[in-house]
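What you see below is based on every heavy atom in this structure, not just the backbone, and it leaves out hydrogens, waters and symmetry mates. Both ligands and their constituent atoms are indexed starting at 1 by order of listing.
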Amino acid sequence: MHNNNNKQNKIWDVIIIGGGASGMMAAAVAGARSKSVLILEKNKFLGEKLKITGGGRCNITNNEPDIHKFMKIYGEGAPYLYSTFSIFGVKNTFEYFESRGLPLVVQARNRVFPVTERAIDVYNVLHKELVKNKVEIKTNCIVKKINKKSGKIISITTNAGELFGKSFVLATGGMSHPETGSTGDGFKFLEDLGHSVVGPTPDVVPIAVREDWVKDLAGVSLSFMKITFFLNGKKQFSKTGKILFTHFGLSGPLILNSSKNIKALLDNGEVTASIDMYPDTTIGDLENRVIKVFDLNKNKMLKTIIKEITPEGMALSFVKIIDFIDLDTKVHSIKREDRRKIVDLLKSLPLSIESLMGYERSVVVDGGVSLKEINTKTMQSKLIDNLYVTGDLLHINRNSGGYSLQICWTTGYVAGISI
Ligand SMILES: Cc1cc2nc3c(=O)[nH]c(=O)nc-3n(C[C@H](O)[C@H](O)[C@H](O)COP(=O)(O)OP(=O)(O)OC[C@H]3O[C@@H](n4cnc5c(N)ncnc54)[C@H](O)[C@@H]3O)c2cc1C
């Protein structure tokens, strides 16, 4: 329970800095243990990033049943996280939200969403918990400095004055989509407190391409595409799945989860890619299909039948790519070598990769405090006894697919239960 050291200065049992996914979870759990909890958020509302997760649907966790396969996603972080997940894992996430009136559903690639497919409903569960557990919420409150004395944090300086606590949870998030409030303040606080922080770099992030025609496809998403990446003309790797075109380039899970590999290629030279729009069809079969379409439409102009040979949504851009033949040409007079060139383009549409997009577009920012400096059974700092660190501030590699929010639920819960 809280007490006062003088009339003005209340000393909270726990002050949570940052009201995102992990901070809300930590606050709710600590509050449920009858601790006096204050959660501070610089935005007007809590959970602004949580509300846009999964395109507003919130991919709340991942139901990969093989625990080793699941943990492997966290790369070098995995060995540190087994004990954390044994306290609060995927099953517990299901239990936590479902027992509070929000049923979850498993969709493709084991991704889990609320049945309502509304991120706001996830936020509502947590917000209700904060209220129920008498957590005091202070929004529009910017934490500016963390004050340490004799190896312990004693207070924090905010735009609303100095606030005192016995324990502190740092949950200010990383740097992805900084408009949601995660501007990297926590990385600086951690460094000031003596922690070593791996420099943040955008990680799970879309890519920018040089071709202008891509812009016309903004918003179009094509399923079952195979994309192959090349470094200085040499094939590196291929992936098959859904590609989302944007006004700057390519996105979607396939691209996001390849971005780390693409970054490594970009550091080493010229990166190009080619998209196979019909990966399950051989070039010979595809040519036969095109010949059939041409035979049925002999007297039509090429531009009017393009949509018959391209995936849905692609035709408008594809005509821009065909620059070796007049689009008004009647189909019957298209030369065999030009027909072959069209088929080649359908099987390997060339793209040149300019760069990865920045923080503003990234889903995950790689970087944060090394897990070596955190007791992952409690999320307590090994340097400062009364400091706990959660969520995106931790240096844990991961793909998209619900793995980031699961880290927030796990580390938030473990911090909340340990304080
Ligand atoms: C577009 C997008 C979609 C995503 N979709 C998914 C998904 O579907 N599934 C998934 O698993 N992950 C997803 N993620 C990742 C996931 O959102 C994050 O991992 C998660 O939100 C991190 O939570 P957090 O608690 O660490 O920090 P955040 O949610 O970033 O919260 C940190 C909070 O701290 C506040 N804050 C920062 N500095 C201060 C300060 N100085 N004083 C006071 N308050 C401060 C911020 O305003 C913010 O509200 C997505 C990310 C993005 C950007």
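Residue-level proximity to ligand 1 for T183 is absent, since no heavy atom of it falls below 4.0 angstrom. Of the heavy atoms in S404, both backbone and side-chain atoms come closer than 4.0 Å to ligand 1.
Considering backbone and side-chain atoms together, D185 places an N or O closer than 3.5 Å to an N or O of ligand 1. Backbone and side-chain nitrogen or oxygen atoms of D392 are examined, and one is located within less than 3.5 angstrom of a nitrogen or oxygen of ligand 1. Not one N or O of I52 is nearer than 3.5 Å to an N or O of ligand 1, by distance alone. Considering backbone and side-chain atoms alike, N59 places an N or O below 3.5 Å from some N or O of ligand 1. Residue-to-ligand polar distances keep F189 apart from ligand 1: every N/O pair is separated by 3.5 Å or more. Considering backbone and side-chain N/O of S176, none are found under 3.5 Å from N/O of ligand 1.
Proximity of L50 to ligand 1 is not established, as no heavy-atom distance is less than 4.0 Å. Ligand 1 has at least one atom lying under 4.0 Å from a heavy atom of E41. Using a 4.0 Å heavy-atom cutoff, C141 is listed among the residues neighbouring ligand 1.
The single protein non-hydrogen atom nearest to atom 24 (P) of ligand 1 is S22 OG, 3.7 Å, given as residue, atom name and distance. If you check which protein heavy atom lies closest to atom 44 (N) of ligand 1, you get K42 N, 3.2 Å.
Comparing V169, T53, T61 by heavy-atom distance to atom 6 (C) of ligand 1, the nearest is T53. For atom 21 (O) of ligand 1, the nearest non-hydrogen atom from the set M25, E360, K49 belongs to K49. The residue among G368, G181, S362 with a heavy atom at the shortest distance from atom 46 (C) of ligand 1 is G181.
Atoms of ligand 1 lying under 4.0 Å from at least one heavy atom of Y403, given by number and element, are 11 (O). Within the listing of ligand 1, atoms 26 (O) sit less than 4.0 angstrom from a heavy atom of G391.
Every salt bridge (Lys or Arg N to Asp or Glu O under 4.0 Å) that D267 has, sequence neighbours left out, goes to K263.
N43 and E41 are linked by a side-chain donor-acceptor pair at a separation below 3.5 angstrom, with hydrogens and angles left out of the test.
I419 places none of its side-chain heavy atoms less than 4.5 Å from the side chain of D13.
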